[in-house]
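What follows is a single structure, written as structure tokens, with notes after it.
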Amino acid sequence: MDKETLKQQINQLRTEKKAIILAHYYTLPEVQEIADFVGDSLALARKAAETDADIILFAGVHFMAETAKILNPTKKVLVPDMSAGCVLADCCQAEKLAAFKAEHPDYKVLSYVNCSAAVKALSDLIVTSGNALKLVNMLPADEKIIFAPDRNLGDYINRMTGREMLLWDGACSIHDHYELKALKALKEAHPDVPAVAHPECRRELLEQADFVGSTAAMLKFISDSDIQEFIVVTESGILYELEKRNPGKTFYTLYNAAIEHDCVNMKKNNLVNIYQALLNEAPELQMDEELRQKALVPIQRMLELS
Ligand code: 13P
């Protein structure tokens, strides 16, 4: 089937089956084009919480689909490719976090949304890169906190809020590999161009950035600005929406979009597997009900507070 036919078939199936397609900004342009809603982690969680569709097709990575299922136990949550995991989420095994938590009984566990349902079930509160600073600032100043699993985001929150959260030693394989020398070279080539960066990048890069924020916050910052050129330090999937919203502006990325610098898991979603997933109503994400109920508590807390 060619792309146009696939799109038509997807549209027909989505209407017939009362399905919604949610996609993250890091997915392929063809996926973002056909999605009902494209967002960052926070917006996607909110959308998943409010949808009245019967089927949620989640074009993102596994933990995002899990979040949708946790919020929608009676709905079918379809994942085009079940192998689309998250290296960052995999950095934190629930058993290890449980052991660490047991060693620190007076600490609250704050987890970044990029974690498994089992880790969420051990957490007191979930945050995303879009609401982390706000939510941490709402906690009592003397609250002792373990932050998992992203050490870069955790370090950024500590610096911005003056907290001393204990940081889990995990990182996103994409953002953590961006190199200071690549950013410096780009800044030297374009001396007056501001740099925007995602807080999953290492501190040395964030210190060189003019703006740090979630995918949606970066999009807003750039789109609201009169400045015509930006250095963009995050996954290249953001360029599709950036260029759509900002015709005529120029964006410089650290590397030419090459597979080792892109999130391969996000790119596993495509028109073919989305079509097949809608047609077959599979693969469907299943979740143990007891686990779901435990994981729901810190997510609901996040949605209420943010
Ligand atoms: P945001 O969507 O919150 O910007 O985070 C990006 C990310 O890590 C996706 O996995």
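Order of appearance sets the numbers: ligands from 1, and atoms from 1 within every ligand.
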Check your understanding: Should Ile34 and Leu6 count as side-chain neighbours, where that means a heavy-atom distance under 4.5 Å?
Key -> no
Review point. Salt-bridged, Glu179 to Arg202, with N to O below 4.0 Å?
Key: no
Check your understanding: What protein heavy atom sits nearest atom 2 (O) of ligand 1, and how far off is it?
Key -> His24 NE2, 2.7 Å
Review point. In terms of ring plane angle, is the pair Phe100 and His104 parallel, tilted or perpendicular, where the classes change at 30° and 60°?
Key: tilted
Practice item. Could you establish whether Tyr26 and ligand 1 come within less than 4.0 Å of each other, counting only heavy atoms on the residue side? Key: yes
Exercise for review: Among all protein heavy atoms, pick the one closest to atom 5 (O) of ligand 1 and tell me residue, atom and distance.
Suggested key: His198 NE2, 3.3 Å
**Study point:** Nitrogen or oxygen of Ser214 less than 3.5 angstrom from that of ligand 1
**Key:** no
Review point. Is there a nitrogen or oxygen of Thr128 sitting under 3.5 Å from a nitrogen or oxygen of ligand 1?
Key: no
Review point. Going by distance only, is there an N or O of Thr215 that falls short of 3.5 Å from an N or O of ligand 1?
Key: yes
Study note, to complete from the structure: Residue, atom and distance of the protein heavy atom nearest atom 8 (O) of ligand 1 read Glu200 OE2, 2.5 Å
Point to revise | Atoms of ligand 1 close to Met64 [distance to a heavy atom under 4.0 angstrom, numbered from 1] | key: 9 (C), 10 (O)
Review point. In terms of side-chain geometry, is the basic nitrogen of Asp288 or Arg292 positioned less than 4.0 Å from the acidic oxygen of its partner?
Key: no
Review point. Do Ile55 and Lys18 come within less than 4.5 Å of each other through their side chains, counting heavy atoms only?
Key: no
Practice item. Output yes when Lys184 and Glu188 qualify as a salt bridge under the 4.0 Å nitrogen-oxygen rule, no when they do not. Key: no
Review point. For Ser123 and Ser111, does a side-chain donor sit closer than 3.5 Å to a side-chain acceptor?
Key: yes
Exercise for review: Number the atoms of ligand 1 from 1 as they appear, then name those within less than 4.0 Å of a heavy atom of Tyr112, with their elements.
Suggested key: 5 (O), 8 (O)
Practice item. Would you please determine whether His175 falls within less than 4.0 Å of ligand 1 on a heavy-atom basis? Key: no
Check your understanding: Among protein heavy atoms, which lies nearest atom 3 (O) of ligand 1, and at what distance?
Key -> Ser129 OG, 2.7 Å
Exercise for review: For Ser41, counting its heavy atoms only, list the atoms of ligand 1 lying under 4.0 Å from any of them.
Suggested key: 1 (P), 2 (O), 3 (O), 5 (O)
Practice item. Look at atom 10 (O) of ligand 1 and say which protein heavy atom is nearest, naming residue and atom and giving the distance to 0.1 Å. Key: Asn114 ND2, 3.2 Å
Practice item. Look at Glu66 together with Lys69 and state whether they make a salt bridge at an N to O cut-off of under 4.0 Å. Key: no
Exercise for review: Determine whether Phe251 and Glu243 make a side-chain contact, defined as any pair of heavy atoms from C-beta on separated by less than 4.5 Å.
Suggested key: yes
